[in-house]
Amino acid sequence: MENTTPLRKQYLDIKKNYPEAIVFFRLGDFYETFEEDARIAARELEIVLTSREMGKGLKVPLAGIPYHALDNYLSRLINKGYKVAICEQVTKPGETKGLVQRQVTRLVTPGTVVEPNLLQTKQNNFLLSLYLTEDSCGLAFADISTSEFGCTQTNISELEAEISRLSPAEIILPKNQSLNLPIHLKATISKLDGYYFEADIARERLLRHFECQNLSAYGCENMPLAISAAGALLNYLEETQKSSLKQLERLSVYTTADYMQMDSHTLSNLEIFRSSGGNSLKGSLLGILDQTKTAMGGRLLRKFLGQPLLKQSDIEKRLSAVDYFFEESLARTSLAKSLGQIADMERMANRIRQKTILPRELISLKNSLETVSAIHRQFGLMPPPRLAYFLNGLKPLPEMLDIINKTITDDPPSTLGDGKVIRAGFDPEMDKLCSLAGDARTFLSQMETRERERTGIKSLKLGYNRVFGYYIEISNANLGDVPPEFIRKQTLVNAERFITPELKEYENLILNAKERLLEMETGLYEQVLNQLGGFYSALLANATALAALDVLSAFAEVAVRNSYVRPVFHPENRLDIRKGRHPMVEQGLGYGSFVANDISLSAEDCQIIILTGPNMAGKSTYLKQTALIVLMAQIGSYVPAETAELCLTDRIFTRIGAREDLSAGQSTFMVEMVETASILNTATSRSLLILDEIGRGTSTYDGLAIAQAVVEYIHSQPSLTAKTLFATHYHELVELASYLPRVKNYNIAVSEDRGEVVFLHKIVPGGVDKSYGIHVAKLAGLPKWVIKRAYEVLTELENPAKKQPKSRTCQSQLQLPMTGQTSVLEEEIKELEIESLTPLAALNKLYELKKKAEEQGL
Ligand SMILES: Nc1ncnc2c1ncn2[C@@H]1O[C@H](COP(=O)(O)OP(=O)(O)OP(=O)(O)O)[C@@H](O)[C@H]1O
């Protein structure tokens, strides 16, 4: 340590508090990183790794970035899951004795970013805090860019669903707890000292934040685990933001039972947020429904999708608004046009509060406010009854508009200090300063002409650089004519540079004015932001109303484009969908090609549908479309059907296909059974169960036995009577309908035309006893030999009596030589259409075949 420079000592002092972060250490115009941080930065940011002497014989690895490029580099590190501590110079050079003082002003982590270019516009950036016990968990989340803050306490089995729904950027946990995240969820995990989650500490933290005596007003008094998670979250935010968290004004406490529940498998099986194939928005339900025009609307749509409603009156409110926009095409299109002009007012409201909003953003806020007034004129003056509920917060803010108009110029630069942000006339002193600086600049520009005339030197030039300030440059050829009052300052190859006392006087004026201007403009800008901050709640209320209008009019737009209908809810435990379609498959095939199908499920007489049918016939599509229609209806959207009469569904469960849960080290079959167990244990009579090929992951008899027992259980449990769609390849299950009255058989029709199978995708009553699996294998391009042999084996399996002694069984195998060449020739001969060959062509073919046989040594 004795050998190190004071600067390095200062750095080490700071770094020791941020061992898990990369420290960006401000040195003049650069942020420098040192040692291991520098190695990571150089590798990840592709910048040069150098070294710097920081003590006798001590060379320290170093990599730096220019301060103005911070956002760009920061985003690259944050996107890769790193944390960055921004260490600023907090005093000016010369202001204090010794080194400039430095301190970390923010710790940027994936869950705490606020920079617009680090955020996804149509997605929240959630920080999630978890506190787990054996069977329960406390969960709190916050998005500091939008000021959402919520918490709940729930059963541990629902944790994964909540994590999937929120899709957090970062999760905080006590040090002694761990979390097994599903593979598709990527979140940075940050461990915190368990102390912050302790009940008393966390409660005290929340009380202090909300400045209240108890938490009963927030509805979480009896949720100790939620309080632990929320308190620890506030602490973490304080640690990282190093500023007030006042924008987190509300804590929304909810229970998962308030919404339709779907576990994370269901969200991914039904491809709600992303398609399973491409893992992208395209091909997902969100991709279909997202016709929103604003960032706020986009985020709200995600929320709607993750939390379908359970109260019919709330659903009807949304449906009625969609109804209005569905019918009123003109209103819908003009609203869409207006919404297209609205900036992210929700995040802007927070950036005003945090004083990080840029002058230019205020202009786009101003334009948005003007559009708000226009939307209000259109809908708010005489609210259409079907929209009234959602128009509550929509209020023009003329005073806010007025402040921006009066204080900010029309086209401000992105930075302060040039006197071009604050409008002339707002502050007399600032105007004076601006004109002084302006006059000085004019004076200098006139000085060049004047001095040229006075000295007779035509090539005399006035210039400026950062080292010497303003100077007069005279080429070597004219040096003889330089007046005596010119003071030589710098010698170049072809010229000399001079200053004059007058030049320096004006230079001082300009530079001082510049410094003063920066100070003054910054002060005035802050003053403006303080005034605008007063409209925070009103601005958020507008943002909320606009988001809802955006989503609901988008639902109507999608409904009109794709011919969806308004679902109807009734109290009976029954689903009746006429001509239902799968929204994504329909879009993929092109509108008009999808074969629509009906479905009727009721707890009374058709509780369980056993769906059989060939591979590729459309069983999964049918199952999923039913679940998707139910879900779409409960978020308030129209649905792809001719009519849909529905009851409220409390949970949708899906058990689809074989999937390995490698992260948890479980086998395919084990995963299948665990999921089935959880469905049978938690489903209610109001749930919808989608079971696709249960039991497939084990031997035929075991699988069949389990599948049959599962159906019998669902049918016999009075508390269950969940409406169930059960697709299976076990044709034996068709028998169940003969002794279980509420089980009905359906199959997907195919037609056979001269040995060729045609999929009709039509659901018809009854079971089937054929799979056509080998036919699908043929379509998939399996070698002909394999297909032929499979048909032979199938015939034997279906008619055991015909089974031949083992040695004589494999007709195809006997004819398959080592090289397989004979069968190629044989195939060629078999495929010859002799009738269509001319005698000459037949002769040629014979010659060709003989040659091939000889070449192969046959
Ligand atoms: N109703 C329909 N109208 C038109 N095409 C459909 C319909 N249903 C399914 N398809 C088409 O058939 C393909 C296969 O459908 P799906 O995956 O549902 O079959 P499946 O019976 O579940 O097959 P498997 O038993 O092999 O899993 C779909 O990708 C789609 O292209």
Side-chain angles (χ1 to χ4, degrees), residues 265-266 268-271 275-278 282-285 287-288 562-564 577-600 609-629 632 639-642 644 654-659 668 672 689-697 700 703-704 707 724-734 745-752 756-782 787 790 794:
H265 308 311
T266 300
S268 68
N269 282 335
L270 296 180
E271 300 173 283
S275 68
S276 54
K282 200 161 174 266
S284 69
L285 182 60
I288 299 262
N562 304 345
S563 308
Y564 293 176
I577 299 167
R578 298 283 143 238
K579 296 216 158 101
R581 284 131 41 211
H582 186 301
M584 290 88 97
V585 175
E586 174 180 49
Q587 193 185 53
L589 291 176
Y591 289 96
S593 310
F594 191 87
V595 180
N597 276 301
D598 300 345
I599 187 163
S600 285
I609 286 182
I610 306 264
L611 184 64
T612 43
N615 295 93
M616 282 292 287
K619 295 185 297 302
S620 304
T621 307
Y622 182 67
L623 262 54
K624 288 182 194 169
Q625 85 188 31
T626 308
L628 286 168
I629 288 173
M632 287 168 82
V639 298
E642 203 171 271
T654 56
R655 164 89 271 290
I656 294 178
R659 186 170 40 78
T668 310
E672 186 184 335
L689 272 51
I690 301 293
L691 306 175
D692 200 352
E693 302 191 26
I694 288 220
R696 203 178 58 162
T700 312
L704 176 59
T724 306
L725 276 164
F726 197 111
T728 183
H729 280 113
Y730 297 128
H731 303 128
E732 295 82 349
L733 290 183
V734 167
N745 290 324
Y746 282 86
N747 72 85
I748 307 203
V750 288
S751 80
E752 272 184 84
E756 284 306 305
V757 180
V758 181
F759 296 120
L760 302 176
H761 304 301
K762 197 79 205 156
I763 310 291
V764 291
V768 286
D769 53 4
K770 266 176 114 173
S771 278
Y772 299 98
I774 303 177
H775 171 79
V776 173
K778 188 170 152 196
L779 292 181
L782 249 63
I787 300 297
L794 184 66

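All ligand and atom numbering here is 1-based and tracks the order in the structure.
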Is there a polar contact between ligand 1 and Ser593, counting only N or O atoms under 3.5 Å apart?
no
Measuring from non-hydrogen atoms of Arg581 to any atom of ligand 1, is the shortest distance under 4.0 Å?
no
If the contact criterion is a heavy-atom separation under 4.0 Å, does Gly613 count as touching ligand 1?
no
Report yes or no: does a heavy atom of Glu693 sit under 4.0 Å from some atom of ligand 1?
yes
Do we see a donor-acceptor contact under 3.5 Å between the side chains of Arg578 and Ser600?
yes
Run the numbers for me: atoms of ligand 1, each under 4.0 Å from some heavy atom of Leu589, listed by number.
4 (C), 5 (N), 31 (O)
Is there a donor-acceptor pair under 3.5 Å between the side chain of Lys762 and the backbone N or O of Ile748?
no
Ala617 versus ligand 1: do any nitrogen or oxygen atoms come within less than 3.5 Å of each other?
yes
Among Ile656, Thr612, Thr621, Leu623, closest by any non-hydrogen atom to atom 15 (O) of ligand 1:
Thr621
Of all the atoms in ligand 1, which lie at a distance below 4.0 Å from a heavy atom belonging to Gly618?
8 (N), 9 (C), 15 (O), 16 (P), 18 (O), 19 (O), 20 (P), 21 (O)
Taking salt bridge (charged side-chain N to carboxylate O under 4.0 Å, His left out) as the definition, give me every residue that meets it alongside Glu271, ordered by chain and number, with sequence neighbours left out.
none
Cut-off 3.5 Å, side chains only: do Thr654 and Thr266 have a donor facing an acceptor?
yes
In this structure, which one of Leu623, Ile629, Thr621 forms a side chain to side chain contact (heavy atoms under 4.5 Å, CB included) with His582?
Thr621
Going from CG on Asp692 to CZ on Arg655, what distance comes out if it is rounded to the nearest 0.5 angstrom?
8.5 Å
Against heavy atoms of His729, which atoms of ligand 1 measure under 4.0 Å?
25 (O)
Counting only nitrogen or oxygen atoms and a 3.5 angstrom limit, does Val595 reach ligand 1?
yes
If you measure from each non-hydrogen atom of Asp692 to ligand 1, which part falls under 4.0 Å: side chain, backbone, both or neither?
neither
Matching residue for Thr728 among Leu733, Leu611, Val734 - test: side chain to side chain contact (heavy atoms under 4.5 Å, CB included):
Leu733
If we ignore angles and hydrogens, is there a donor and acceptor under 3.5 Å between the side chains of Thr612 and Asn747?
no
Could you check which of Ser620, Gly580, Ala727 puts a non-hydrogen atom nearest to atom 17 (O) of ligand 1?
Ser620
